*Asks:* 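Input: one structure, supplied below.
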Number of protein chains: 2
Amino acid sequence: MSKGQQTRAAILTEALRAASVEGFQGISIGMLADRLKMSKSGLFAHFGSKEELEKALLDEAAQRFMETVWQPAMKAPRGRPRIEVLFRSWLGWSLNHEDLPGGCLFVALASEVDDKPGPVRDHLAELQNQWQAMLTRSAHIAVQEGHFRSDLDPRQFAYDLQGIFLAMNYYRRLLRDATAVERAEDSFRSLIERALPLH
Amino acid sequence: MSKGQQTRAAILTEALRAASVEGFQGISIGMLADRLKMSKSGLFAHFGSKEELEKALLDEAAQRFMETVWQPAMKAPRGRPRIEVLFRSWLGWSLNHEDLPGGCLFVALASEVDDKPGPVRDHLAELQNQWQAMLTRSAHIAVQEGHFRSDLDPRQFAYDLQGIFLAMNYYRRLLRDATAVERAEDSFRSLIERALPLH
DNA sequence: TGACTTAACGAACGGTCGTTCCTAAAATTT
DNA sequence: AAATTTTAGGAACGACCGTTCGTTAAGTCA
């Protein structure tokens, strides 16, 4: 890896941390340059504009998300076991204080960009649409495998799962409620139970 | 109402709209002054600092929320009917495009301030803690009235309800999913069904 | 080692930020 | 109508924003 790529990676890692805490609006070229002990212009040159930096951050976050959340789930057996892993590694992603001290970056950005037309909003929305599609597909597979009820609506399952995750984030980060994760796990258990075939 | 109070109210209404779209970070004294066709300093004088403006906005939003969401629910009969009204007026609050074109202000602000210690964060967190307490108490009353199962955990009920609301917001505002409200209503129906006593 | 490319810096730009201070106009009270 | 208080405006402040440019230093490769 060349010097430039190294620096770029270091910038992205630091910017990811900062953005999870402060959002895109809250990070500035000057602040990142300070933290990395380099000049504004030197840092700036790696991206050409702040918007390009933001797009690069979304790409970097998406890649890490896939590694941290999706890939472990794909190693698990299809159906219910995969969904169990999926949910737990998803929680783990959001609790990783080292890389994302401000919690899940996508949640932090959602409200910020949802009314700002442009490539950044488009990019984030596409990523999150894909994520809902992955959740939906995983639930559908669990139906096919006979693990879940045949009349289960996989899209509604994905919606409910997203709600559990968002509530966890909300309770933990804004309300500072120590039981947030526990409550999320309870809700998840209940969601799974309702998805099981009657017997 | 004196001239000053009138102007102040107009500022708050406009700032509320702007903040629901752009967050607190995204609104500036200059931008609000432009929209209201007055000078920066003239507008500024009503609050003395941007932080005071933000606190005033939280107060204003909280008051409107109570009027829009809570008071209609308190007029409904205790127990399940009240919770039904509560949920629907809550949805209505968030869908009121006139006053809050960016959706629920509290959701828009949650991620922004959750890592920023200070009076604004404290204020928002307190408001939202109170809201969870109101939801919890409402569920508890429904248990007392015999509408809900006696072994229902009212706190978990509030958590799940919050999740449904947050997922609705997320689907509607970021993903621009037209079925968001419908899905929220489905999830709500399911939540109520699970809360009912066995018969 | 020498030629060439890449990476980083420093200084400066126009703009906007929140904020201050002083003045003028308008609203309110006497 | 006069006196006084309230409300709004204008100009300027230092700080920081994203960005540009020209130059130097470091890295890469023949």
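Quick caveat, the model's predicted, so the values are computed rather than measured. First the proteins, then the strands, lettered A, B, ... as listed; each starts at 1.
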*Asks:* Determine: side-chain N/O of T7(B) to OP1/OP2 of dA8(D), distance under 4.0 Å, yes or no.
*Replies:*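 Affirmative; the distance criterion is met.
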*Asks:* Charged N to carboxylate O below 4.0 Å: is that the case for D177(A) and R172(A)?
*Replies:*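 Salt bridge absent between D177(A) and R172(A).
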*Asks:* Select base, sugar-phosphate, or nothing to describe what L53(A) touches, counting heavy atoms under 4.0 Å on all strands.
*Replies:*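 Answer is nothing: L53(A) stays at 4.0 Å or more from every strand.
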*Asks:* Could you tell me how far apart H46(A) (NE2) and dG18(D) (C1') are, to the nearest whole angstrom?
*Replies:*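 Roughly 17 Å, once rounded to whole Å.
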*Asks:* Identify, between R8(B) and E51(A), the residue whose nearest nucleotide on DNA chain D lies closer to the 5' end.
*Replies:*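 Nearer the 5' end of the strand: R8(B).
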*Asks:* Let me spell it out: for each of Q5(A) and S41(B), pick the nucleotide of DNA chain C with the closest heavy atom. Which residue's pick is nearer the 5' end?
*Replies:*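 Its nearest nucleotide lies further toward 5', so the answer is Q5(A).
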*Asks:* Whole angstroms only, please: what is the CD-P distance between Q6(A) and dA8(C)?
*Replies:*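 Interatomic distance, CD of Q6(A) to P of dA8(C): 9 Å.
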*Asks:* Quickly work out the F44(B) CZ to dG9(D) P distance and round it to whole Å.
*Replies:*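 Interatomic distance, CZ of F44(B) to P of dG9(D): 15 Å.
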*Asks:* Would one find a side-chain N or O of S2(A) under 4.0 angstrom from OP1 or OP2 of dT28(D)?
*Replies:*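 No, S2(A) has no side-chain N/O under 4.0 Å of OP1/OP2 on dT28(D).
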*Asks:* Could you tell me how far apart L32(B) (CG) and dA8(D) (C1') are, to the nearest whole angstrom?
*Replies:*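 About 16 Å, once rounded to whole Å.
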*Asks:* S28(B) near the nucleic acid: base, sugar-phosphate alone, or nothing, with a heavy-atom cut-off under 4.0 Å?
*Replies:*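 Sugar-phosphate contact only - S28(B) comes under 4.0 Å of backbone atoms but never of a base.
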*Asks:* Of all the nucleotides listed (dT20(C), dA8(D), dC21(D)), which has the minimum atom distance to the side chain of S39(B)?
*Replies:*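 For the S39(B) side chain, the nearest candidate turns out to be dA8(D).
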*Asks:* I'd like to know if the side chain of S89(B) and the backbone of L86(B) have a donor-acceptor N/O pair within less than 3.5 Å.
*Replies:*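 Such a contact is found between S89(B) side chain and L86(B) backbone.
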*Asks:* Output the rounded distance in Å from CE (M38(B)) to C1' (dA8(D)).
*Replies:*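 Atom-to-atom, M38(B) to dA8(D), this comes out as 6 Å.
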*Asks:* With a 4.5 Å limit on heavy-atom distance, are the side chains of R80(A) and L196(A) in contact?
*Replies:*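 Yes, at least one pair of side-chain atoms sits under 4.5 Å.
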*Asks:* How many whole angstroms separate atom CD1 of I29(B) from atom C1' of dG9(D)?
*Replies:*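 Answer to the nearest Å: 15 Å.
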*Asks:* Within a reach of under 6.0 Å around CD of Q6(B), are more than 12 heavy atoms found that belong to other residues, nucleotides or ligands?
*Replies:*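 It does: Q6(B) CD has more than 12 such atoms within range.
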*Asks:* Is there a side-chain contact between F24(A) and E51(A), using heavy atoms and a 4.5 Å cut-off?
*Replies:*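 Of all side-chain heavy-atom pairs linking E51(A) with F24(A), none is under 4.5 Å.
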*Asks:* Counting distance alone, no hydrogens or angles: does the base of dG18(D) have a donor or acceptor under 3.5 Å from a partner atom on the side chain of K40(A)?
*Replies:*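 Indeed, a donor on one side and an acceptor on the other fall under 3.5 Å apart.
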*Asks:* Is K3(A) close enough to dA26(D) that one of its side-chain N or O atoms is under 4.0 Å from OP1 or OP2 there?
*Replies:*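 False: K3(A) side-chain N/O out of range (4.0 Å or more) of dA26(D) OP1/OP2.
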*Asks:* Would you mind classifying the nucleic acid contact of L36(A) as base, sugar-phosphate or nothing, using non-hydrogen atoms under 4.0 angstrom?
*Replies:*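 No contact.
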*Asks:* Can you check the D34(B) CG to dT16(C) P distance for me, whole Å?
*Replies:*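 The distance from CG of D34(B) to P of dT16(C) comes to 10 Å, rounded to the nearest Å.
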*Asks:* Measure CG/L43(A) against C1'/dC9(C) and give the value in whole Å, please.
*Replies:*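 So the CG-C1' distance, L43(A) to dC9(C), works out to 12 Å.
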*Asks:* Which sits closer to the 5' end of DNA chain C, K37(A) or K50(B), going by the nucleotide each is nearest to?
*Replies:*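 Taking each residue's closest nucleotide, the earlier one in sequence belongs to K37(A).
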